[in-house]
Amino acid sequence: MKTFRKILAMTVLLLITGAALAADKEIKFNELPKKAQTFIKNNFDQNKVIRVSMDTEYIILKEYTVFFNDGTQIEFDSDGKWEEVKRKLKAVPSAIIPTKIIAYIKRSFPETFVQKIEQTRAKFDVEISNGLDLEFGSDGEFIRIDD
């Protein structure tokens, strides 16, 4: 029974320590991975960055969020690959949206623009300016309208 209590106590301690270490830390733009810096320089006005934060989870996993003065937010993984781009009043740059997705939206919802795009290995989630959430496969093929 004492061994079980020791293991339980150590597990709780590790969880508490891990949670305490998972915190946002403000960093400088040049501390972002080079891939993220290049992405921003090529697609957004770097001079409008107001804050960059790094979130460390489980001691080694890092994620980055870049905030712009117009409300735009971009999230990057630890390698600097963009995971999500959110804009409030402007369209997400079409250069970062797969061609098939752009074509589908122009054809099906011609009076709208992309306000948010999130990519994973398996799919793209896209929010357009009329409030609809669309799901596309990793190849850009339309899957469905999300509820």
Side-chain angles (χ1 to χ4, degrees), residues 8-147:
L8 181 62
M10 288 176 60
T11 302
V12 169
L13 181 62
L14 283 173
L15 289 173
I16 291 171
T17 303
L21 292 173
D24 281 350
K25 175 185 172 188
E26 205 161 312
I27 63 170
K28 295 179 181 174
F29 181 82
N30 62 2
E31 293 177 89
L32 280 170
K34 293 293 181 201
K35 190 174 184 177
Q37 291 180 42
T38 301
F39 177 83
I40 290 170
K41 288 175 185 174
N42 290 341
N43 298 289
F44 297 88
D45 187 352
Q46 175 188 344
N47 297 320
K48 294 186 177 184
V49 171
I50 57 171
R51 185 166 64 97
V52 179
S53 71
M54 178 180 70
D55 184 23
T56 305
E57 294 182 8
Y58 306 111
I59 302 173
I60 57 168
L61 182 63
K62 294 180 181 173
E63 293 182 337
Y64 303 90
T65 305
V66 178
F67 301 87
F68 293 78
N69 65 1
D70 66 356
T72 299
Q73 290 183 25
I74 308 173
E75 294 179 10
F76 296 95
D77 68 11
S78 57
D79 295 325
K81 180 181 177 189
W82 71 269
E83 294 180 325
E84 182 177 274
V85 177
K86 290 190 276 190
R87 303 201 83 181
K88 292 190 178 193
L89 303 173
K90 296 180 182 178
V92 170
S94 58
I96 69 170
I97 303 169
T99 308
K100 284 184 177 180
I101 293 176
I102 292 171
Y104 177 84
I105 292 170
K106 283 185 179 180
R107 183 176 60 251
S108 302
F109 307 98
E111 301 298 317
T112 66
F113 58 89
V114 175
Q115 285 186 296
K116 175 183 167 188
I117 185 166
E118 182 178 356
Q119 70 173 330
T120 65
R121 288 181 186 214
K123 65 180 182 168
F124 288 92
D125 290 316
V126 177
E127 183 180 314
I128 54 178
S129 55
N130 67 359
L132 287 177
D133 291 322
L134 311 173
E135 188 176 315
F136 296 86
S138 60
D139 60 356
E141 289 294 326
F142 176 73
I143 296 174
R144 66 188 172 127
I145 295 176
D146 263 345
D147 295 330

Minimum side-chain heavy-atom gap Tyr64-Ile27 below 4.5 Å: yes
Ile128 versus Gln115, closest heavy-atom pair with distance: O-OE1, 3.8 Å
Heavy-atom closest contact (Gly140 atom, Ile101 atom, distance): O-CG1, 3.8 Å
Gly137 to Ile143 - nearest heavy-atom pair and separation: N-CD1, 3.4 Å
From NZ (Lys62) to OG1 (Thr56), nearest 0.5 Å: 5.5 Å
Value rounded to 0.5 Å, distance of CG in Asp45 from CG in Asp70: 9.0 Å
Asp125 backbone acceptor or donor facing Glu135 side chain under 3.5 Å: no
Distance, nearest 0.5 Å, that separates CG of Leu89 from CZ of Arg87: 9.5 Å
NZ/Lys100: more than 12 non-hydrogen atoms of other groups inside 6.0 Å: yes
Gap between atom CD of Glu118 and atom CZ of Phe124 - 0.5 Å precision: 11.0 Å
Flag side-chain contact, heavy atom, 4.5 Å: Ile117 against Trp82: yes
Approximate separation, where rounding is to 0.5 Å, of Gln119 CD and Ile97 CD1: 11.5 Å
Salt bridge Lys116-Asp133, side-chain N to carboxylate O under 4.0 Å: no
Pairing residues for Tyr104 by the ring pair (Phe, Tyr, Trp, His ring centres under 6.0 Å) criterion, not counting sequence neighbours: Phe136, Phe142
Considering all heavy atoms, the nearest Gln37-Leu32 contact: NE2-O, 2.7 Å
N/O donor-acceptor pair under 3.5 Å between Asp79 side chain and Lys81 backbone: no
Side chain proximity check, Phe67 to Ser53, heavy atoms < 4.5 angstrom: yes
Contact summary for Val52 and Phe29, nearest pair of heavy atoms: CG2-CA, 4.2 Å
Point-to-point distance, once rounded to the nearest 0.5 Å, from CG of Asp55 to CD of Glu63: 6.0 Å
Any Phe68 side-chain heavy atom under 4.5 Å of Ile74 side chain: yes
Test item: Ser78 side-chain N/O and Leu61 main-chain N/O as donor-acceptor pair under 3.5 Å: no
